[in-house]
Amino acid sequence: MTPSEREAFQTAFMAWYDEHRRDLPWRQNQEPYRVWLSEIMLQQTQVQTVIPYYERFLATFPTVEDLSAAPEELLLKTWEGLGYYSRARNLQKAAKQVVDDYQGKWPQTSAELEKLAGIGPYTAGAIASICFGEVVPAIDGNAFRVFSRLLKIDADIVNPKNRSIFYDAILPLIPKDRPGDFNQAVMDFGSQVCTAKNPTVGDTELAPFFRSYQDGTLLDYPVKTKKAKPKPVALFAVVIESEEGFLFQKRPSTGLLANLTTYPLVMAEDLQDGESELLMPEEQMTRIEAYFKEAYGLTLAHLKPVPVKPVTHVFTHLKWTITLLSATIAKDSDLAFFPGEWYSKAALAEIAMPTVQKKMAQRFDSL
DNA sequence: AAATCGTGGCG
DNA sequence: TCGCCAAGATT
């Protein structure tokens, strides 16, 4: 873009923002704690989903000090259902960093912000520009879409190496007096006008600036390679009830659904010995009993299928199909080798369960 | 550097 | 039902 072109674009773009700017809870002021929290929640998550979580989280943890001192159980419970749970753990790590390493005063540059847990290049740019006026791009999916279409940038946005191409293209377009507004304008324009499907760029004053719109190639951008589809995984969930309540399993502290609680789960794959021979239902039940004995020292009784449809749940890279079983165990069973415990209905309300567990419970309760 | 890590909405 | 998408970061 020529300098005069660039200036015309900036003027039109900021004018669009001044007229169409969304009024969002995290835009009430520019306190870093509030902006940071919103940016973490908004990673890969839509505004509509985030709003109620944001309000609840702020009410529960009003300051960075409150968050740094929060019990993990309450932290996860407040995050329950939002997904990508490492965000919640990193949120508290970063809160502790701010309190302990920065004496409760937020670092004010994108470079320093990136040292905090869970803050990468996008989030650092967003906070630095919005809260501290740093002239730096905040390159998210919206930015990739808007600027690939504006400038007809052919670089594959999936390849991290290409991020610098966008960085270099966007940086000179940022008005030096309004970097935070510019980045937020990109988000609003990207999510309301320059959308993935049914974009309406042509209805705005910005249309003349969009090179891809001018030549009818708007929908050819951004260029991105396709992702692999979720890999199918078969599991069994064993619903075990006693006078103490239900037996729930706490997942490991790393990996999928880390630290969350579900019915005891067994991957069908872990029941096979050698080759991928399909097991008959009878044989599967026998092996599940053996598995509980070997892995946890627990003896299952009355193991049988629950007569409901299997529960399916799609993650980013996995598709779970879960067959529900029910069983009992002796009430004096030793749980020393089982990573979980009995939960009464009241106790269940206090702990964080992933959506897939809620689905399973709902399916089981539909009997 | 490719894989991992949730969930809800929409065509 | 399915594929794609939504304010990415971490390993």
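We name chains A, B, ... by the order of the sequence lines, and we start the count at 1 in each one.
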Asks: Choose from C/dA7, C/dC5, B/dT7 the nucleotide whose nearest atom is closest to any side-chain atom of A/K224.
Replies: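 The answer is C/dC5, which lies nearest to the side chain.
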
Asks: Assess whether one donor atom and one acceptor atom, taken from the side chain of A/T45 and the base of B/dG6, lie less than 3.5 Å apart.
Replies: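 Counting by modelled atom types and ignoring angles, a donor-acceptor contact under 3.5 Å is found here.
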
Asks: Distance between the C1' atoms of B/dA3 and C/dA7, in whole angstroms?
Replies: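 Their C1' atoms lie roughly 22 Å apart.
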
Asks: Can you tell me, in whole Å, how much space there is between the C1' of B/dG6 and that of C/dC4?
Replies: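 Comparing C1' positions in B/dG6 and C/dC4 gives a spacing of 15 Å.
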
Asks: Please confirm whether any donor atom in the side chain of A/R22 sits under 3.5 Å from an acceptor in the base of C/dA7, or the reverse.
Replies: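 Looking at the base of C/dA7, it does pair with a donor or acceptor on the side chain of A/R22 (distance under 3.5 Å).
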
Asks: Given the P atoms of B/dC5 and C/dA6, what is the spacing between them in whole Å?
Replies: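 Their P atoms lie roughly 23 Å apart.
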
Asks: For C/dT10, does either OP1 or OP2 sit under 4.0 Å from a side-chain N or O belonging to A/R89?
Replies: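 Result: no.
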
Asks: Does one side chain, of A/K304 or A/S326, offer a donor that lies under 3.5 Å from an acceptor on the other?
Replies: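 Short answer, no.
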
Asks: Under the 3.5 Å rule, do the base of C/dG8 and the side chain of A/T123 count as making a donor-acceptor pair?
Replies: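 In this structure, the two groups form no donor-acceptor pair.
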
Asks: On DNA chain C, compare the nucleotides closest to A/K93 and A/Y84; which residue's is nearer the 5' end?
Replies: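 In this pair, the answer is A/Y84.
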
Asks: Within 45 degrees of the axis of the six-membered ring of A/F9 and under 6.0 Å from its centre: does A/R6 put its NZ or CZ there?
Replies: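 Verdict for A/F9: no cation-pi partner in A/R6.
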
Asks: Where do A/C131 and A/P32 come nearest, in terms of heavy atoms and distance?
Replies: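 So the two residues come closest at SG-CA, 3.7 Å.
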
